[in-house]
Amino acid sequence: MSVEIQRAKEEKKGLPPLPNVEVWGCVCTRFAPNPDFAIHLGNARAAILSYEYARMYRGRFVLRFEDTDPRIKTPLPEAYRLIEEDLRWLGISWDEEYVQSLRMELYYDVVKKLLAVGGAYVDLCPAHKFRELRNVGKPCPHRDEPPETQLERFDKMLEGFYSEGEAVVRVKTDLSYPDPAVRDWVAFRIIDTSKHPHPVTGDKYIVWPTYNFAAAVDDHLLGITHILRGREHAVNTIKQMFIYKHLGWRYPEVINFGRVSIEGFILSKSKMKELLRRFEDKFLGIDDPRFGTIAALRRRGILPETIKQLILELGVKSTDATVSWENIASLNRKIADRVCKRVFVVEDPVKLVIEGMTLPHEVTLRFHPAQDLGTRKYVLNRAEVFITRSDAHEALSKGGLRLMEFTNVRIVGNENGVLRGKAVSGGVEVAKEHGWGIVQWVPVEHAVKVVVLKAEGMRLRRIPCVGEAVLKNLAGEVVQMVRFGFGRVDRVERRAVRVIYAHP
RNA sequence: GCCGCGGUAGUAUAGCCCGGUCAAGUAUGCGGGCCUCUCGAGCCCGUGACGCCUAUGGGCGCGGGAGACCCGGGUUCAAAUCCCGGCCGCGGCACCA
């Protein structure tokens, strides 16, 4: 279904055109995550927008892992695959893939060029001393030493002559620039990888480019024409432009968009890491339903089309956006309602024994009333079903009810919490005439324990339920639990099924 | 503290760059109806930003006046849109990405 609808929506919304496409000839965009954690909705915004623009202009789209900090934002070995998986799930494919920690020699080449043309220098001042000078707009004594000295010192850095903190490479900028952060920023620093090994390259390198250097160089080397990234990168653009100026490169077009957050969700990577570290047993992992990671949204039954649609609606605005869960839920519901199987799950179950039914009785239920999603069949040797307590109460006062897609039942008794009923012939019309409720039900013989996990703010509530046996065959599927809500079958065990609740 | 961005309905946002088409769009929410076996789903209709009147259910905004997109001022025939000031909120200011 969604392809046509999606396309129609996109066309209607229409991403605004990219600036200066003519001067670049073709469009090339990139998504450049740090593989230190799974990606969240904010990252997905950059990924989806970049990918969509590349597609829109029939250009290239590049995936680049920015893993040049083995010490503070240490890459997570499994994150590389995790991110690829998330992107694929979102329907994103990429033409090229790069890992920065595998491109170190390239960065060394460029910085040597930069040192040779006097666009950078090796700074041997302690950090605090440099900061003092910088804050008053003064150059450090190493700034004006000749290129030969700089190159020599850089080689010494590579050889391990200096230890952490003793030497950095700085890019020459404008020392009078109003924002001190821009003044002669650090391009390379020494990281002792014998103490902080890099998951990809181990202790092979000790001189590491900073984000600003590696990203700036790669954007040029890979022919990136349009950069779409978060507003928090605004100063980085200014910093990076100095390299381009020194080397005579043309800086790509930049579009900064605002932050996205989801009301009531945790989106900060550091916060998620912290929570996982401190309360490991209280969380279900990187994709815990209280987190705003793509993996978490997937795990709780949000469909990729929903996320894509949401991001395209948000567009490229520079203002921050807080999307409400209600909004995501309604978007998701519209799509899921059409494509997901419907099953019966009963909360707070009450037994109902039906008399006057020929046994064994075979009942076939469709997974969807309008789409052909198949059926499931149950053979009843005992006419006993579970229904929800609140439905039982209502049936008691109205005298009967209809078991959806099965039979009408007149209530004849209520003993020790077990309802007794009599099967009444006829279809839905009969039930409607009586004003009886049409309810979901689960045959007692074919019931499995279902635990529904519902994220409520910071709490994760366990709702014990019973469900149809067929749930055991639906592992990983997003389902509609009729008159209960949408969710995804998270785990199937011999005696119980776990469902993560998405939304009503 | 220093740079930068923003403040539109209950909520989330569109529009602002290029002033009139905005008595302000969309989604959600809310109200009602329909319903193909979900009345906690779906579909349809209505309801929203200001003012006035009201028998409080709702009604009226045709011409003129007033009012209407944080507040106050200004420019203009005309401002949600441009300018100035204020208040509030957010982001950046790492040998992080």
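Every value quoted in this text rests on a predicted model; they were computed, and no experiment measured them. Throughout, a chain's letter reflects where its sequence line sits, starting with A, and its residues are numbered from 1.
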Query raised in the report: With rounding to whole Å, what would you report as the distance between B:C3 and B:U8 at their P atoms?
Result: 26 Å
Query raised in the report: Does a distance-only test, which skips hydrogens and angles, find a donor-acceptor pair under 3.5 Å between the side chain of A:Asn212 and the base of B:A97?
Result: no
Query raised in the report: Taking the six-membered ring of A:Tyr501, is the NZ or CZ of A:Lys454 close enough (under 6.0 Å from the centre) and on axis enough (within 45°)?
Result: yes
Report task. In whole angstrom, give me the gap between the P atoms of B:C83 and B:A23. Result -> 22 Å
Report task. Using the P atom as the reference point in each nucleotide, state the distance between B:G65 and B:G46 in Å, no decimals. Result -> 32 Å
Query raised in the report: Do the ring planes of A:Tyr108 and A:Phe188 sit parallel (below 30°), tilted (30 to 60°) or perpendicular (above 60°)?
Result: tilted
Requested in this report: Remember a base hit wins even if backbone is also touched, and classify A:Val482 as base, sugar-phosphate or nothing at under 4.0 Å, heavy atoms.
Outcome: base
Query raised in the report: With respect to the phosphate group of B:C96, does any side-chain polar atom (N or O) of A:Thr210 fall under 4.0 Å of OP1 or OP2?
Result: no
Report task. State the pairing partner of B:G29; accept Watson-Crick or G-U wobble contacts with both distances under 3.5 Å, and report none otherwise. Result -> B:U47
Query raised in the report: Where does B:G63 land, syn or anti, given syn is within 90° of 0?
Result: anti
Query raised in the report: Hey, does A:Ala234 reach any base, or is it just sugar-phosphate, or nothing, if we go heavy atoms under 4.0 Å?
Result: nothing
Query raised in the report: Taking the same atom, C1', in B:C18 and in B:C82, what whole-Å distance lies between them?
Result: 11 Å
Requested in this report: Please determine if a side-chain N or O atom of A:Lys334 lies less than 4.0 Å away from the OP1 or OP2 oxygen of B:G42.
Outcome: no
Report summary line: Pairing partner of B:U21, by Watson-Crick or G-U wobble and under 3.5 Å for both distances, is none
Query raised in the report: How close or far is atom C1' of B:A41 from atom CZ of A:Phe344, stated in whole angstroms?
Result: 13 Å
Report task. Determine the contact category for A:Gln480: base if any of its heavy atoms lies under 4.0 Å from a base atom, sugar-phosphate if only primed atoms, P, OP1 or OP2 are that close, otherwise nothing. Result -> base
Query raised in the report: What nucleic acid atoms does A:Val168 come within less than 4.0 Å of, heavy atoms only: base, sugar-phosphate, or nothing?
Result: base
Query - Nucleotide B:A41, atom C1' - distance to CD of A:Gln371 in whole Å - result: 15 Å
Query raised in the report: Could A:Arg376 and A:Phe344 be counted as a cation-pi pair, given that NZ or CZ must be under 6.0 Å from the ring centre and within 45° of the axis?
Result: yes
**Report entry** Distance in angstrom units between A:Asp337 CG and B:A41 P, rounded
**Finding:** 10 Å
Query raised in the report: In the strands shown, is B:G1 matched to any nucleotide by a Watson-Crick or G-U wobble pair with both distances under 3.5 Å, and which?
Result: B:C93
Query raised in the report: NA contact type, A:Ile72, heavy-atom cut-off 4.0 Å: base, sugar-phosphate, or nothing?
Result: sugar-phosphate
Query raised in the report: Considering Watson-Crick and G-U wobble pairs with both distances under 3.5 Å, what does B:G85 pair with?
Result: B:C71
Query raised in the report: Is it the case that more than 12 heavy atoms not belonging to A:Lys129 sit under 6.0 Å from its NZ atom?
Result: no
Query - Euclidean distance for C1', B:A80 against B:G20 (whole angstrom) - result: 13 Å
Requested in this report: Can you tell me, in whole Å, how much space there is between the P of B:C35 and that of B:C43?
Outcome: 16 Å
Query raised in the report: A:Glu66 near the nucleic acid: base, sugar-phosphate alone, or nothing, with a heavy-atom cut-off under 4.0 Å?
Result: sugar-phosphate
Requested in this report: For nucleotides B:A27 and B:A14, find the distance between their P atoms and express it as a whole number of Å.
Outcome: 15 Å
Requested in this report: State the pairing partner of B:G40; accept Watson-Crick or G-U wobble contacts with both distances under 3.5 Å, and report none otherwise.
Outcome: none
Query raised in the report: Would you say a side-chain N or O of A:Arg189 is under 4.0 Å from OP1 or OP2 of B:C96?
Result: yes
Report task. Mind checking A:Asn327 for me? I need base, sugar-phosphate or nothing, with any heavy atom below 4.0 Å counting as a touch. Result -> base
Requested in this report: Starting at atom CH2 of A:Trp441, determine the distance to atom C1' of B:C37, rounded to an integer number of angstrom.
Outcome: 12 Å
Requested in this report: Return no unless some side-chain N or O of A:Arg259 is found under 4.0 Å from OP1 or OP2 of B:G92.
Outcome: yes
Requested in this report: Answer with yes or no whether the side chains of A:Ser270 and A:Ser268 bring together a donor and an acceptor at under 3.5 Å.
Outcome: yes
Query raised in the report: More 5' along RNA chain B: A:Glu347 or A:Glu166, using each one's nearest nucleotide?
Result: A:Glu347
Query raised in the report: If you count the non-hydrogen atoms of other residues, nucleotides and ligands that lie under 6.0 Å from CG in A:Asp372, is the total more than 12?
Result: no
Report task. Look at the side-chain N and O atoms of A:Lys239 and state whether any lies under 4.0 Å from the OP1 or OP2 oxygen of B:A97. Result -> no
Report summary line: Of the listed B:G91, B:C95, B:C37, the closest approach to the A:Glu232 side chain comes from B:G91
Requested in this report: Check whether any side-chain nitrogen or oxygen of A:Arg231 sits under 4.0 Å from OP1 or OP2 of B:G92, and answer yes or no.
Outcome: no
**Report entry** A:Ser330 side-chain N/O to B:U28 phosphate OP1/OP2 under 4.0 Å
**Finding:** yes
**Report entry** Check: A:Pro209 main-chain N/O paired with A:Arg189 side-chain donor or acceptor under 3.5 Å
**Finding:** yes
**Report entry** Watson-Crick or G-U wobble mate for B:A9, both contacts under 3.5 Å
**Finding:** none
Query - A:Arg483 side chain, from C-beta outward: closest of B:A97, B:C93, B:C39 - result: B:C39
**Report entry** A:Leu403 and its side chain to side chain contact (heavy atoms under 4.5 Å, CB included) partner, picked from A:Val385, A:Asp391, A:Asn408
**Finding:** A:Val385
Query raised in the report: Rounding to the closest angstrom, what is the interatomic distance between B:A68 and B:G74 at atom P?
Result: 14 Å
Requested in this report: Provide the Watson-Crick or G-U wobble partner of B:U76, both distances under 3.5 Å; none if there is no partner.
Outcome: none
Report task. Looking only at side-chain atoms of A:Asp69, point me to the closest of B:C95, B:C96, B:A41. Result -> B:C96
Query raised in the report: Rounded to whole angstrom units, what separation is found between the CZ atom of A:Phe486 and the C1' atom of B:G40?
Result: 11 Å
Query raised in the report: Just how far is it from atom NZ of A:Lys239 to atom OH of A:Tyr177, taken to the nearest 0.5 Å?
Result: 11.0 Å
Requested in this report: Round to the nearest Å and state the distance from A:Glu274 atom CD to B:C96 atom P.
Outcome: 20 Å
Requested in this report: Identify the nucleotide, in any strand shown, that forms a Watson-Crick or G-U wobble pair with B:C62, with both distances under 3.5 Å; if there is none, say none.
Outcome: none
**Report entry** Protein-nucleotide distance (A:Lys73, atom NZ; B:A94, atom P), rounded to Å
**Finding:** 13 Å
Query raised in the report: Between A:His503 (NE2) and B:G42 (C1'), how many Å, whole number?
Result: 14 Å
Query raised in the report: Base, sugar-phosphate alone, or nothing: which one does A:Asn236 contact when heavy atoms must sit under 4.0 Å apart?
Result: base
Query raised in the report: Just to confirm, is there a sub-4.0 Å distance from OP1 or OP2 of B:C96 to any side-chain nitrogen or oxygen of A:Arg71?
Result: yes
